[in-house]
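See below for the structure under consideration.
Because the structure is predicted, anything quoted here is derived from the model rather than measured. The figures that follow rest on heavy atoms only: side chains count, while hydrogens, waters and symmetry mates do not.
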Amino acid sequence: MNIKKHIPNLLTLANLLCGTIATIAAVNSDYLTAALFVVLGIVFDFFDGFAARIFKVSGELGKQLDSLADMVTSGVVPGIIVFKMLTEYNVGSFSFPSYLPYIGLLLTLGACYRLANFNIDERQSDSFIGIPTPAMSLFVIALPLIPVYSENQFFIDLVQNNYFLIGVALVLTYLMNAEIPLFSLKLKSFGLKENALKYVFLLLSVILLISLEIIAIPAIIILYVCLSIGSNIAAKK
């Protein structure tokens, strides 16, 4: 029995387990636990592909398992989190209909469509078209933590605003499936010239983390999109 060939799939299943635990935590409004297990699941998601390349055991089964696990960790969980936030912040709000929180589940639908499309899109082997679902998920899981771990009242009020949350759900759903080329963080070499954009992104991300703390997580995702769009415009010129 070749144990090595099963390691990537076991890591993928670990991602799914983390996503399942995060789902339970999100339903119970335990946003910190949900966030921790989403991050852990994304780590497993990174290493399953890494292990598949190291052991040279990539295949169709692993590809499908990877998308199914991501669907839970980076699809179901963020949808539930926005649903719960809209439910909680809708209390006492003026004229918001009872179906409003379900708008958050657009993230789950958008993630499902993106993951299915990703599996058949041969253009996304070395880069991405549209925001990857893990990036979307990281953006969302940080939102309910801002009122707890940040003292910046502007951002606290912002993430507790239903209009903002609806806008986040709509924009992220669109960006996941938009025809916007985004650079990949995978390094094929460590050369400065060919990786300049990635190094700039990583440096700015560290600066944001130090200066903004928890607020930096959604800010880094916005930075990632802006740098990608800027790079695309520069390449066309």
Side-chain angles (χ1 to χ4, degrees), residues 3-53 55 57-89 101-120 128 130-149 159 165 168-169 172-173 175-177 214 217-218 220-221:
I3 298 178
K4 289 183 179 179
K5 73 176 184 179
H6 296 292
I7 292 177
N9 289 343
L10 288 174
L11 290 171
T12 303
L13 291 175
N15 173 18
L16 177 58
L17 176 61
C18 289
T20 305
I21 296 172
T23 300
I24 296 170
V27 169
N28 293 322
S29 298
D30 185 355
Y31 299 124
L32 177 60
T33 299
L36 291 174
F37 275 96
V38 165
V39 171
L40 185 58
I42 291 174
V43 171
F44 282 125
D45 181 43
F46 172 81
F47 281 107
D48 66 1
F50 182 75
R53 290 189 292 272
F55 298 126
V57 292
S58 59
E60 191 61 29
L61 175 61
K63 184 178 180 181
Q64 299 304 322
L65 276 177
D66 188 69
S67 289
L68 290 170
D70 281 350
M71 181 58 213
V72 177
T73 306
S74 298
V76 174
V77 176
I80 291 176
I81 286 177
V82 174
F83 170 85
K84 293 289 291 184
M85 291 179 72
L86 285 169
T87 301
E88 293 165 3
Y89 302 146
Y102 291 97
I103 294 176
L105 299 182
L106 287 175
L107 290 170
T108 302
L109 301 181
C112 181
Y113 189 88
R114 174 184 167 74
L115 288 166
N117 191 43
F118 182 82
N119 282 351
I120 61 174
F128 300 108
I131 294 181
T133 53
M136 177 277 292
S137 188
L138 287 173
F139 187 106
V140 171
I141 63 173
L143 298 182
L145 300 181
I146 290 175
V148 181
Y149 296 101
V159 300
L165 293 174
V168 165
L172 289 179
T173 299
L175 288 177
M176 278 189 288
N177 296 283
I214 189 66
I217 297 176
I220 287 171
I221 305 303

[X] [atom1] to [Y] [atom2] distance, which is reported to the nearest 0.5 Å:
| X | Y | atom1 | atom2 | answer |
| --- | --- | --- | --- | --- |
| Leu138 | Ile42 | CG | CD1 | 3.5 Å |
| Asp45 | Thr133 | CG | OG1 | 7.5 Å |
| Phe118 | Asp66 | CZ | CG | 8.0 Å |
| Thr173 | Ile131 | OG1 | CD1 | 10.0 Å |
| Leu68 | Cys112 | CG | SG | 9.5 Å |
| Met176 | Leu115 | CE | CG | 8.5 Å |

Heavy atoms only: give me the nearest [X]-[Y] pair and the separation to one decimal.
| X | Y | result |
| --- | --- | --- |
| Ser74 | Ala111 | O-CB, 3.9 Å |
| Pro144 | Ile81 | CG-CG2, 3.9 Å |
| Ser67 | Asn119 | OG-OD1, 2.9 Å |
| Val140 | Pro78 | CG1-O, 3.6 Å |
| Ala26 | Ala34 | N-CB, 4.0 Å |

How about Phe37 and Thr33: do any of their side-chain heavy atoms sit closer than 4.5 Å?
yes

Please tell me if the side chains of Tyr31 and Met85 come closer than 4.5 Å, counting only heavy atoms from C-beta onward.
yes

Under the side-chain contact (heavy atoms from CB on, under 4.5 Å) test, which residues partner [X], sequence neighbours left out?
| X | result |
| --- | --- |
| Ile103 | Leu100, Leu106, Ile166, Ala169 |
| Pro132 | Arg114, Phe128, Pro134, Ala135, Leu182, Tyr224 |
| Tyr149 | Leu32, Leu145, Ile214 |
| Asn28 | Ile24 |

With Tyr102 via ring pair (Phe, Tyr, Trp, His ring centres under 6.0 Å) - residues at least two apart:
Phe83

Return a table of donor-acceptor pairs under 3.5 angstrom between the side chains of residues 10-23 and protein atoms on other chains or two or more places apart.
residue, atom, partner, partner atom, Å
Thr12, OG1, Pro8, O, 3.0
Thr12, OG1, Asp48, OD2, 2.7
Asn15, OD1, Thr73, OG1, 2.8
Asn15, ND2, Asp70, OD1, 3.1
Thr20, OG1, Leu16, O, 2.8
Thr23, OG1, Gly19, O, 2.8

